[in-house]
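Reminder, nothing fancy here: chain letters follow the sequence lines and each chain counts from 1. Given the structure is predicted, the values throughout are model-derived calculations rather than measurements.
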Protein chains: 2
Amino acid sequence: MAFEMIGERINGMFKDIGEAVAKFDPKPIQEWAIKQTEAGAHWLDVNVGPTATDRVKAMRWMVEVIQEVCDTPLCLDSTNYDAIEAGLEVCKKPALINSCPAERPKIERVFPMAKKYGAGIICLTMDKSGIPKSADQRIAFAMELVAAADEFGIPYDMIYIDPLILPCNVAQDHAPEVLETLRQVKTLSDPPPKTTLGLSNVSQNCANRPLINRTYAVMAITCGLDSAIIDVCDDDLVEAIATADMLLNRSIYCDSWVKVFRQR
Amino acid sequence: MAFEMIGERINGMFKDIGEAVAKFDPKPIQEWAIKQTEAGAHWLDVNVGPTATDRVKAMRWMVEVIQEVCDTPLCLDSTNYDAIEAGLEVCKKPALINSCPAERPKIERVFPMAKKYGAGIICLTMDKSGIPKSADQRIAFAMELVAAADEFGIPYDMIYIDPLILPCNVAQDHAPEVLETLRQVKTLSDPPPKTTLGLSNVSQNCANRPLINRTYAVMAITCGLDSAIIDVCDDDLVEAIATADMLLNRSIYCDSWVKVFRQR
């Protein structure tokens with residue numbers, strides 16, 4: 001199973017996308033949809049961001065304008081589940097829901113919705129009290145979420161466990177715990193859940209962010225990371241990911257392995 | 001425990017060193033000794049190479065000329081154990097012996113010599129029949145070598161198990177087996193043996209060798225690699241290693257973590 005890259009760029013937190021969402025201007029959104037798809041993104045994250053006055057309406061519109069220019073599957077990213085449902089209603093391909101923590105009311109809202117629309121779910125190893133430090137506590141949350149998949153009839157491999165990496169300059173001790181969580185998640189069910197990370201978070205406010213991002217990506221892939229929300233236009237990062245994939249013997253070596261990885 | 005870099009460059013296989021050894025010209029050898037030490041090498045590999053007419057004499061001379069310009073510990077690299085012993089006799093600091101396979105006559109020659117001189121031993125997971133493919137078979141050889149440490153009174157952490165990586169363009173399926181071996185080696189004794197790799201071998205005759213080298217280094221470190229014979233003058237490689245070390249929480253994050261890693 002090859003690594004899945006989720007393009008992070010269509011997010012209203014970025015200035016150009018925020019302005020586009022505020023003005024319902026499709027152009028910057030469509031440009032990034034095409035650019036990330038050409039860079040090899042397997043999914044496009046879609047987050048309406050802080051400028052939307054109506055997140056439900058904004059999400060539906062964003063999904064529609066992206067689908068006008070490409071058919072890359074979408075990862076609908078919002079804490080507003082009505083906005084996510086509005087996006088799912090118009091998605092032409094099975095989507096990912098980003099995200100659901102280990103909190104019962106949210107599980108009861110998200111999991112039936114995922115089943116109805118055939119969507120995967122990015123599941124966060126946290127609850128209302130926050131992100132735990134140890135791998136053991138992260139795994140306890142992952143177990144709750146995998147049990148919920150069972151309960152609501154979602155195939156285990158439609159669950160993407162996100163062990164939540166924090167910036168290494170403020171929570172450095174979390175970095176190895178997240179790696180250990182990735183290793184252990186693969187023992188929770190058969191087939192095992194998938195795994196994902198919001199990669200860029202590891203280097204927030206750090207020096208040499210690209211170096212930290214690509215190094216941690218390779219470490220996490222070695223421990224079982226199946227996908228990540230990343231800057232797919234960071235060539236050095238994509239090269240590192242493609243090379244780790246090849247060195248795990250998941251894609252056959254050829255002199256142009258990075259190019260092949262982007263095009264699959 | 002911080003990662004140990006073994007500088008690969010003082011090896012008669014390289015043209016400049018080969019010529020220096022043939023002519024007993026100390027200059028290129030001393031220049032590489034200083035250059036690699038300044039780049040952060042914790043050990044310097046010393047291999048007389050194919051041009052030496054008398055390997056015993058050449059090894060002793062190389063050790064002496066290196067020690068005239070730096071006090072970096074040495075890793076004596078030869079299949080001729082008399083040459084290694086000649087080097088050990090003149091080494092001012094405890095050295096590494098590179099290497100010993102899981103073959104009884106060689107164990108009986110190398111281990112007592114290591115004990116006599118207080119040297120560590122790079123132990124290869126192979127015997128006369130060659131390098132096995134599976135992690136299980138590699139681990140079986142590692143167990144023999146750890147048992148030999150017990151028998152000959154060598155502390156377990158003076159044993160550096162080298163699971164022997166092969167070029168990924170011809171033996172790609174070995175790459176994940178070597179990673180699994182690195183994981184399992186750490187369960188063999190208490191304290192566990194150390195681990196090492198001749199890293200550059202993973203990319204022999206491949207395209208974009210530096211990318212493969214630094215990616216595999218990060219993967220192997222994530223699985224328990226403690227040291228490797230590398231090109232310490234490859235800045236991108238050393239940056240990747242320093243960053244993996246930091247992300248495993250073995251060195252404290254600061255904005256200049258790469259510089260700190262080189263200077264420790």
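Of all non-hydrogen atoms in B/Arg9 and B/Gln36, the two that sit nearest each other are N-OE1, 3.1 Å. Contact between A/Pro73 and A/Pro94 at its shortest, heavy atoms only, is CB-O, 4.0 Å. Contact record, A/Glu8 with A/Asp45: CA-CB, 4.4 Å, taken as the closest heavy-atom pair. Considering every non-hydrogen atom in both B/His42 and B/Phe3, the closest pair reads CE1-O, 3.3 Å. Across B/Gln172 and A/Ser251, no two heavy atoms sit closer than the pair NE2-O, 2.6 Å.
Of all residues spanning residues 125-132 of chain A, none has a heavy atom less than 4.5 Å away from chain B's heavy atoms. Close approach to chain B, defined as a heavy atom under 4.5 Å from one of its heavy atoms, is seen in A/Cys168, A/Asn169 of residues 159-171 of chain A, taken by number.
Across B/Ser256, B/Ala175, B/Pro176, the residue that shares the most heavy-atom pairs under 4.5 angstrom with chain A is B/Pro176. Chain A forms the most heavy-atom pairs under 4.5 Å with one residue out of B/Asp236, B/Ile221, B/Asp255, and that residue is B/Asp255. Contact count versus chain A (heavy atoms, under 4.5 Å) is highest, among B/Val202, B/Val258, B/Thr215, for B/Thr215. Of the listed residues (B/Asp173, B/Ile252, B/Thr243, B/Asn208), the greatest number of heavy-atom pairs within a distance under 4.5 Å of chain A belongs to B/Thr243.
The shortest side-chain heavy-atom distance between A/Val146 and A/Tyr156 falls under the 4.5 Å cut-off. Looking only at side-chain heavy atoms (C-beta outward), A/Met5 and A/Ser227 stay at 4.5 Å or farther from each other.
A centroid separation of 6.0 Å or more is found between the aromatic rings of B/Phe261 and B/Trp257.
At a 4.5 Å heavy-atom cutoff, A/Val178 makes no contact with chain B through either its backbone or its side chain. Contacts of A/Cys223 with chain B are made by side-chain atoms alone, with heavy-atom separations under 4.5 Å and no backbone atom involved. Only the side chain of B/Leu179 comes within contact range of chain A, with at least one heavy atom under 4.5 Å from a heavy atom of that chain. Contacts between A/Ser203 and chain B at a heavy-atom distance below 4.5 Å are absent for every atom of the residue.
Ion pair A/Asp235/A/Arg262 flagged as a salt bridge, since at least one NZ, NE, NH1 or NH2 atom sits closer than 4.0 Å to an Asp/Glu carboxylate oxygen. Classification of B/Lys35 and B/Glu38 as a salt-bridged pair fails, no side-chain N sitting under 4.0 Å from a carboxylate O. We find that A/Arg214 and A/Glu239 are not joined by a salt bridge, their nearest charged nitrogen and carboxylate oxygen being 4.0 Å or further apart. A salt bridge links B/Asp226 with B/Lys186: the closest approach of a Lys/Arg side-chain nitrogen to an acidic carboxylate oxygen falls below 4.0 angstrom.
When only modelled atom types and interatomic distance are considered, B/Ser134 and B/Gln137 share a side-chain donor-acceptor pair under 3.5 Å.
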